[in-house]
A.B. asks: 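What follows is a structure written as structure tokens; I'll ask about it next.
Positions are given from 1 along the sequence.
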Amino acid sequence: QVQLVESGGGLVEPGGSLTLSCAASGSIFRTYVMAWYRQAPGKQRELVAQIINGRYTNYTDSVEDRFTISRDNAKNTVYLQMNSLKPEDTASYYCKLTQAGYIYWGQGTQVTVSS
């Protein structure tokens, strides 16, 4: 069974930066997709970024050029570097792993952008 543990959330001022981490443990295959989602109060969960097989990346328009998703294969960890943060980025961020037809979710980490 796969477990995902997110970390790195917190309070940051507008324009600041945070880096989120998602460490995966268990049976992790070489070929998989990892993604970051976020959900703000009263809003639906939305895809923020994803990395496919550690090579291809996609971003939602609202974060493109500000966020960067990457993967450390040795650590089975995916990162989300968030720069130029805006109040609208405030949300709970969730890590998602998809492999072999199975989907796994992390518990989430809170990101609050406020002065």
Side-chain angles (χ1 to χ4, degrees):
Q1 188 175 3
V2 175
Q3 292 181 318
L4 303 176
V5 180
E6 300 108 327
S7 62
L11 176 64
V12 64
E13 295 183 350
S17 299
L18 281 176
T19 299
L20 305 182
S21 299
C22 176
S25 62
S27 182
I28 309 299
F29 305 151
R30 288 187 176 183
T31 302
Y32 57 90
V33 178
M34 298 192 77
W36 286 97
Y37 285 73
R38 67 185 180 186
Q39 186 169 23
K43 297 183 178 180
Q44 294 183 331
R45 187 172 298 186
E46 66 172 345
L47 175 66
V48 177
Q50 65 179 8
I51 183 165
I52 304 171
N53 299 333
R55 294 181 293 173
Y56 308 105
T57 58
N58 295 297
Y59 301 90
T60 190
D61 289 343
S62 63
V63 308
E64 194 165 15
D65 299 326
R66 298 189 298 120
F67 292 9
T68 302
I69 187 170
S70 62
R71 192 181 80 184
D72 187 329
N73 292 333
K75 298 180 180 180
N76 285 326
T77 300
V78 66
Y79 303 93
L80 184 67
Q81 292 179 274
M82 305 183 294
N83 300 320
S84 301
L85 283 163
K86 305 174 181 179
E88 63 193 58
D89 295 318
T90 296
S92 293
Y93 284 72
Y94 298 87
C95 180
K96 177 186 177 183
L97 182 151
T98 304
Q99 68 171 1
Y102 293 90
I103 299 175
Y104 306 89
W105 288 95
Q107 292 296 110
T109 184
Q110 179 66 35
V111 173
T112 302
V113 184
S114 176
S115 60

A.B. asks: Rounded to the nearest 0.5 Å, how far does OG of S17 lie from CZ of R66?
C.D. replies: 10.0 Å

A.B. asks: Please lay out, stage by stage, how V111 and M82 fare under the test side chain to side chain contact (heavy atoms under 4.5 Å, CB included).
C.D. replies: CA-CA 10 Å; V111 173; M82 305 183 294; 3.9 Å; yes

A.B. asks: Check side-chain contact (heavy atoms from CB on, under 4.5 Å) between E13 and all other residues, then give those that pass, not counting sequence neighbours.
C.D. replies: none

A.B. asks: Can you tell me how far CD of Q39 sits from CD of E46, rounded to the nearest 0.5 angstrom?
C.D. replies: 9.5 Å

A.B. asks: Rounded to the nearest 0.5 Å, what separation is found between the SG atom of C22 and the OH atom of Y93?
C.D. replies: 14.5 Å

A.B. asks: Run the side chain to side chain contact (heavy atoms under 4.5 Å, CB included) check on V78 and L4 step by step: do they pass?
C.D. replies: CA-CA 10 Å; V78 66; L4 303 176; over 6 Å; no

A.B. asks: Any chance you could measure Q81, atom CD, to S21, atom OG, to the nearest 0.5 Å?
C.D. replies: 9.5 Å

A.B. asks: Do you know which of L85, T57, L20, N83 makes side-chain contact (heavy atoms from CB on, under 4.5 Å) with F67?
C.D. replies: L85

A.B. asks: Is L18 reachable from Y79 through a run of I, L, V, M, F, W or Y residues, each pair having side-chain heavy atoms under 4.5 Å apart?
C.D. replies: no

A.B. asks: For residues 98-108, tabulate all N or O donor-acceptor pairs below 3.5 Å that involve a side-chain atom, not counting sequence neighbours.
C.D. replies:
residue: Q99; atom: OE1; partner: F29; partner atom: N; Å: 2.9
residue: Q99; atom: NE2; partner: S27; partner atom: O; Å: 2.8

A.B. asks: So do E6 and W36 actually touch side chain to side chain, heavy atoms under 4.5 Å?
C.D. replies: yes

A.B. asks: For D72, give me all partners under side-chain hydrogen bond (donor to acceptor under 3.5 Å, both in side chains), at least two apart in sequence or on another chain.
C.D. replies: none

A.B. asks: A side-chain contact here means heavy atoms from C-beta on lying under 4.5 Å apart; do R38 and T90 qualify?
C.D. replies: no

A.B. asks: Do the non-hydrogen side-chain atoms of V113 and D89 ever get within less than 4.5 Å of each other?
C.D. replies: yes

A.B. asks: Regarding Y37 and R45, do their side chains bring together a donor and an acceptor under 3.5 Å, going by distance alone?
C.D. replies: no

A.B. asks: What pair of heavy atoms forms the shortest contact from S92 to Q110, and how long is it?
C.D. replies: OG-OE1, 2.9 Å

A.B. asks: So if you build clusters from Ile, Leu, Val, Met, Phe, Trp, Tyr with side-chain heavy-atom gaps below 4.5 Å, do I28 and M34 land together?
C.D. replies: yes

A.B. asks: Is it true that, when you exclude Q3 itself, more than 12 heavy atoms of the residues, nucleotides or ligands shown sit nearer than 6.0 Å to its CD?
C.D. replies: no

A.B. asks: Does Y32 reach the side chain of N76, with side-chain heavy atoms less than 4.5 Å apart?
C.D. replies: yes

A.B. asks: Any donor-acceptor pair under 3.5 Å linking the side chain of T77 with the backbone of A23?
C.D. replies: no

A.B. asks: Say you draw a straight line from CD1 of I69 to CG of N58; how long is it, rounded to the nearest 0.5 Å?
C.D. replies: 9.5 Å

A.B. asks: Quick check for you: to the nearest 0.5 Å, what is the distance between T68 atom OG1 and Y59 atom OH?
C.D. replies: 4.5 Å

A.B. asks: With heavy-atom distances below 4.5 Å as the criterion, would you say the side chains of P14 and S114 are in contact?
C.D. replies: no

A.B. asks: Would you check, one step at a time, whether the test side chain to side chain contact (heavy atoms under 4.5 Å, CB included) holds for L97 with V33?
C.D. replies: CA-CA 6 Å; L97 182 151; V33 178; over 6 Å; no

